[in-house]
Amino acid sequence: MISRNNNYFLFDTNHTTYAFRVMESGQLEHIYYGNRLNIDMKQENMNRIFEPFIEKKKFLLGNSISYSKEQDKIGLEDLCLEMSSYGKGDIREPFIEIVYPDGSCTSDFIFESASIRKWKDSLKTLPSSYAYEKQVEELNIVLKERNHDLRLHLNYSVYPECDVIVRSSKLINGMNDVVKVKRLMSTQLDFEDSGFVFTSFTGAWIREMNRSDHTVTSGIHVNQTMAGFSSSRANPFVMISSPDTTESYGDCYACNLIYSGNHYEALEVNPYGKSRFVSGINPRGFLWKLNPDDEFEAPEAVMTYSSHGWEELSHRMHEFVREHIVRGEWKYKERPVLLNSWEAAYFDFNESKLLKLAKSAKDLGVELFVMDDGWFGKRDNDTSSLGDWNVNKKKLPGGIKGIADKVNALGLDFGIWVEPEMVNEDSNCYREHPDWAVKIPGQDHSLGRNQMFLDLTRKEVREYVIDSMTNVFADGNISYVKWDMNRIFSDAYSVGLPAECQGEFYHRYVLGLYEVISTLVERFPKVLFEGCASGGNRFDLGMLCYMPQIWASDNTDAICRMTIQQGYSYGYPLSVISAHVSDVPNHQTLRKTPLSTRYHVACYGILGYECNLTELSKDDQNVIREQISIYKEWRKVFQFGDFYRIKDGSVIDQHKNPTGSYQWLSVSKDKNKAVLMDFQSRVIPNLVYNKVHTRGLAEEKEYHFYNIAKKINIKEFGDLVNTVSPIHIKKESITQHVVSKFVKLDEEKEDYIIQGVNLNRLGVRLKQSFGATGYNDQVRYYPDYATRMYFMESVE
Ligand code: GLA
C-alpha cells in the first residue's frame, strides 16, 4: 500500500516498509527500507511523527558544501537520498548526469508533484513488470530541475504479496534546446551504514553465474558489462547483505533490472560511512541526445528485502518473476520434456537421422523434439548462412513442414532453433545488404564465432528479421522456438544514426530487439519461446518478459551445472532455467558423471535431453524412460515449487561439509509434496555418515519419505566383486560383461513416515555409505559425484 501525507511517503508490502520525505530544500531524503513498521499515515502532524526518523544536521563540518544560502545546514554529500544529481555537493555515484547546452553538468532536481494510482502502467519503450488491477499501486514523483525546464519522473510500483518494490525513472525535456543524458539510473538505494557484502554473479561462456562476494567498507565495487547484453560476464541480479547473512538469517536486499543491455550496479561507501547502491543502464558507452519535448525512459529495477537471509530473498524474487514478469500461454504451464539435436548431431544431420533420434526420444517419453542449428542455407559449420532463413533442401527435402509433420506423426511436438540477430559474411543476406551488419564504414571489423550483428536500430533490418522469422515459424507446426545469439558486440556503430547519436547505439539495439521479439511473440502466442545466447549470455528479466524460459549454459556437465544453476537460483525461479542431460564424457569438460547425477541436477530446472539417444545402451535407455516418467509426475513441484538451497557444496568446509555436498529441495505450493537431492563432490573415506533435512514442509503434516532404489551394475565394483563371487570375474572381461547383464545389486532403500516438523528440524539420518568393507542393500553406494533423490508426500 502506498500512503502519502504531506511531504512524507510510505509504502507497505506484506512484510516490508519503504519511506522517504521531501526535505525543506526540495530533495528527497530516503528514510527507511526494511521490515515492516507501524506508522499511522493518517495522523495530522506528520513532522512530529517522522521527526525521530529523519537525519539531524545542525551544522556542516570542514570543507563540505552547504546546499544553498537559505538551506545552509544541508549538505548533500552525507545524506541518504532517493536520487542524487551531480554538482551540488553530492560527490557520490550520481543517479543522473546531464550535459546542458552551455556545457555545464550540474543538475539540481527538486520536488514538484506526486500522484498515486491504483494500477501499474507499462513502460512505453521497454518491457516492464505487470499486474492485474488492484494488485499493485504506483507512485509517480515529478522532480523539476531548478534551472532548466527538465522533469525527472521517479516511479515506484509496490507489489505487496511478493514484498517487491519496482522503481524506474524517466526524463522529459521541456526546453527548447537539446540536452545530452550521460546517465540515468533506474534505482538508488542509500544506506546509513557500510560494510555490506555485495554479491554478484559473474563468469564467462560455459562458466556462468559464479557467485562472488565483496565486503565494501570503503570506495566502490562495480558489477557491470559492456558486452552489449546483460551477459554471462556479470548478471544484473545482485544482493547486498549484512556480513553475517546466511540462507536463513540476516538482513539482505536484492536488485535486478528488467533490461537486456549493458548494465551497471555499484555499491559505494562514502567517507562518513554511508553506502549508496545504484543500478541502471551502463553509463559507459552511453550518451543520449534528448531533443525538445522528448523523453527518455530507464528500465525498471526490481528490489526486495528480507531479514531472514537469502532463502526468503530468493523466494520473493521467484514469486515476482513467476507472477509479474513471465506472461502468456506458458506462464504456469508445465514445460515439456524435450530432446535437442545439438550435442546429439551438431551440424551433421539429415531428415532420416533426425527422425531416428525423434523416434527414440518418443519411445523414452520425450514430448518435444527440437531441431537445433544446421537446418538452413549451407549451414554445415558455423562459418556461413546466418541471415539466410531458407531451409537446406539437401538435409530436409520436405522443408520445415515436412520434418515437422513427420515428428508430429510420431506423437511429438516440433521445435526449431534460430539466431535471427546475426549474419555471416558468407551469406546471401550479407552479400545483398552489407550495410545491414554492425560495423564502422571504412574500417576492419571484428568477428565473433564468424558472425556479425544485424543492425536492429534500423527499421528496415527489423522488418527483414520479423518477416523472415514469421515465414519460418509459420512454415510448419512449430510449438517451440530456441532464440539464440552467439557473440558480444564490437565495432558498435550504426550507419542509420548521425554522428552525435552514436552513443545511443547499444540502447537502441536493445529497443530494436524488444520490438522484434514482442512482434513475433504476439504473432505466435502459443509457441513456447526459449531464450539462449551461447547459453547464459542474456539471462535476464528483460528477455523473460517475452520468453518464459532461458537455456542456462552451453555447459551440460552436471558438476559445473551445480554451480551455475545454484547461481541462477538466487534470483530466478526454476521454471525459467532450462537444463539438459547429455552424454559422457561430457562435451565441454570430458568429465564422466553417472546418468542419475546428470538427471537429478537437470530436474532442478526444465528437464531436457541433449544426446544421441539411439546409441545409448538398452540399460541407459530404460533408465531414461523411468527418469522421464518420474519427472513428469513431479515436474510441477520442480518447476513451480519453492526452492531451497539446504546445503551449499561450492565451499568445502573441513568440519561442516567435508564431502562438498549440495542439497537442493523443492516444495510444492500446497506443501503436500517435496523432493530433495543430495549430491557429493568427493568421497571422504571412513566418513560414511550423512543426513538430509528439509525446510518449509508443513509442520503438522505427516510425510512419506522415500527414495526410489535403483539396480547397480556390478562393474561399478570392479575387482571387488571377487570377494563375494563364487567364480573369478576379471575386470573388463567378457565374463564380467555377461554377468553384469544378469546380476545386479540393489541400492539401499529409505522408507519412513515422518512429521513435517521433525523433517524440518531433525531430518533423516541416512544409511551409511560404502567405506572399504562390506556392501549390501543397507549400504549406500556413493562414490564421487553421486546423488540421491528423496521424495516426500504428505499422507492423510
Ligand atoms: C549456441 C547455443 C547452443 C547451440 C549452438 C548452435 O552455442 O547456446 O545451445 O544451439 O549455439 O550453434
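Each residue takes its place number in the sequence, starting with 1. Excluded from the calculations below are hydrogen atoms, water molecules and symmetry mates; all remaining heavy atoms, backbone and side chain alike, are included.
- Proximity of L447 to M452: side-chain heavy atoms (C-beta onward) are separated by under 4.5 Å at one or more points.
- Residue-environment remark: NZ (K144) exceeds the threshold of 12 foreign heavy atoms within 6.0 Å.
- Scanning both residues, M303 and L189, for their nearest heavy atoms gives SD-CD2, 4.3 Å.
- Of the residues V99, L150, N291, the one that meets the side-chain contact (heavy atoms from CB on, under 4.5 Å) test with V179 is L150.
- Atom CG of N235 sits about 10.0 Å away from atom CG of L257, to the nearest 0.5 Å.
- Partners of D190 by salt bridge (charged side-chain N to carboxylate O under 4.0 Å, His left out), not counting sequence neighbours, listed by chain and number: R92, R276.
- A centroid separation of 6.0 Å or more is found between the aromatic rings of Y568 and F201.
- Nearest heavy-atom pair, S128 versus S122, reported as atom, atom and distance to 0.1 Å: OG-CA, 3.4 Å.
- When side chains are defined from C-beta on, D90 does not count as touching Q27, because their heavy atoms never get closer than 4.5 Å.
- A heavy-atom distance below 4.5 Å is found between the side chains of L313 and T304.
- The environment of I116 atom CD1 is dense: over 12 non-hydrogen atoms of other residues, nucleotides or ligands sit within 6.0 angstrom.
- Using a 30° and 60° split on the angle between ring planes, H433 and Y464 fall in the tilted class, from 30° to 60°.
- Between K88 and D108 there is no salt bridge, since none of the side-chain N atoms of the basic residue sits less than 4.0 Å from a carboxylate O of the acidic one.
- Here the side chain of Y572 pairs no donor or acceptor atom with the backbone of V321 at under 3.5 angstrom.
- F489 is listed as a side-chain neighbour of F505, based on a closest heavy-atom distance under 4.5 Å.
- Of the options F11, Y159, Y305, Y253, a ring-ring contact (aromatic ring centres under 6.0 Å, His included) to Y18 is made by F11 and by none of the others.
- Closest approach of S569 to H318, counting heavy atoms only: O-NE2, 2.7 Å.
- Side-chain atoms of D177 do not come within 3.5 Å of backbone N or O of P101 as any donor-acceptor pair.
- For the pair E97 (side chain) and Y86 (backbone), a donor-acceptor distance under 3.5 Å is absent.
- Residue R284 places its CZ atom among 12 or fewer non-hydrogen atoms of other residues, nucleotides or ligands, all under 6.0 Å distant.
- Here the side chain of E500 pairs no donor or acceptor atom with the backbone of K289 at under 3.5 angstrom.
- Side-chain contact between Y100 and E145 is present, with at least one heavy-atom pair separated by less than 4.5 Å.
- Of the possible polar contacts, none joining the N537 side chain to the N486 backbone as a donor-acceptor pair under 3.5 Å is found.
- Using cut-offs of 30° and 60° for the angle between ring planes, the W288 and H507 rings count as perpendicular.
- Atom OH of Y480 has more than 12 heavy atoms from other residues, nucleotides or ligands within 6.0 Å.
- Proximity of the aromatic rings of F237 and Y570 is defined here by a centroid distance below 6.0 angstrom, and this criterion is not met.
- Counting only N and O atoms by type, the side chains of W389 and N471 include no donor and acceptor under 3.5 Å apart.
- A donor-acceptor pair shorter than 3.5 Å can be found between the side chains of E323 and Y332.
- Between E93 and R183, at least one side-chain N (NZ, or NE/NH1/NH2) sits under 4.0 Å from a carboxylate O, which counts as a salt bridge.
- At a threshold of 4.0 Å, the pair E530-R335 does not count as salt-bridged, since none of the basic side-chain nitrogens sits closer than that to a carboxylate oxygen.
- For the pair H263 (side chain) and I281 (backbone), a donor-acceptor distance under 3.5 Å is absent.
- Contact record, V438 with D455: CG2-CA, 3.8 Å, taken as the closest heavy-atom pair.
- Between E515 and K459 no salt bridge is recorded (no basic side-chain N to carboxylate O distance below 4.0 Å).
- Between F453 and F229, the ring centre distance stays below 6.0 Å.
- Judged purely by atom type and a 3.5 angstrom limit, S104 has no side-chain atom pairing as donor or acceptor with the backbone of T106.
- Looking at every heavy atom in both residues, L154 comes nearest to S169 through CD2-CB, 4.1 Å.
- By the 4.5 Å heavy-atom criterion applied to side chains, V22 and L28 are counted as neighbours.
- Under the 4.0 Å criterion applied to side-chain N and carboxylate O atoms, E29 and R21 are assigned as salt-bridge partners.
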Are S200 and E265 close enough, and set up right, to give a side chain to side chain donor-acceptor pair (under 3.5 Å), and what steps lead you there? CA-CA 9 Å; S200 55; E265 293 76 35; over 6 Å; no
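- Y514 and S260 are linked by a side-chain donor-acceptor pair at a separation below 3.5 angstrom, with hydrogens and angles left out of the test.
- Between the side chain of S186 and the backbone N or O of A298 there is no donor-acceptor pair closer than 3.5 Å.
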CA sep, side-chain torsions, deciding dist, call: R487, E419, salt bridge (Lys or Arg N to Asp or Glu O under 4.0 Å): CA-CA 11 Å; R487 61 163 291 182; E419 194 177 352; over 6 Å; no
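- Looking at R462, its side chain does come within 3.5 Å of a backbone N or O of T457 through a donor-acceptor pair.
- Contact of the M1 side chain with the V158 side chain is not registered, since no non-hydrogen atoms from C-beta on lie closer than 4.5 Å.
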Step by step, would you call E208 with S553 a side chain to side chain donor-acceptor pair (under 3.5 Å)? CA-CA 7 Å; E208 292 88 346; S553 174; 2.6 Å; yes
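- When all heavy atoms are compared, the tightest approach of M469 to W483 is CG-CZ3, 4.4 Å.
- In this structure, Y156 has its ring center under 6.0 Å from that of F20.
- Remark: the backbone N or O of M422 is not paired with any side-chain donor or acceptor of Q451 at under 3.5 angstrom.
- Salt-bridge formation is not detected for the pair K439/E425: no Lys NZ or Arg NE/NH1/NH2 atom is positioned less than 4.0 Å from an Asp or Glu carboxylate oxygen.
- Exactly one of E300, E295, E297 qualifies for a salt bridge (charged side-chain N to carboxylate O under 4.0 Å, His left out) with K170. That residue is E295.
- In this structure, E421 and V465 have side chains that are not in contact, with every pair of non-hydrogen atoms separated by 4.5 Å or more.
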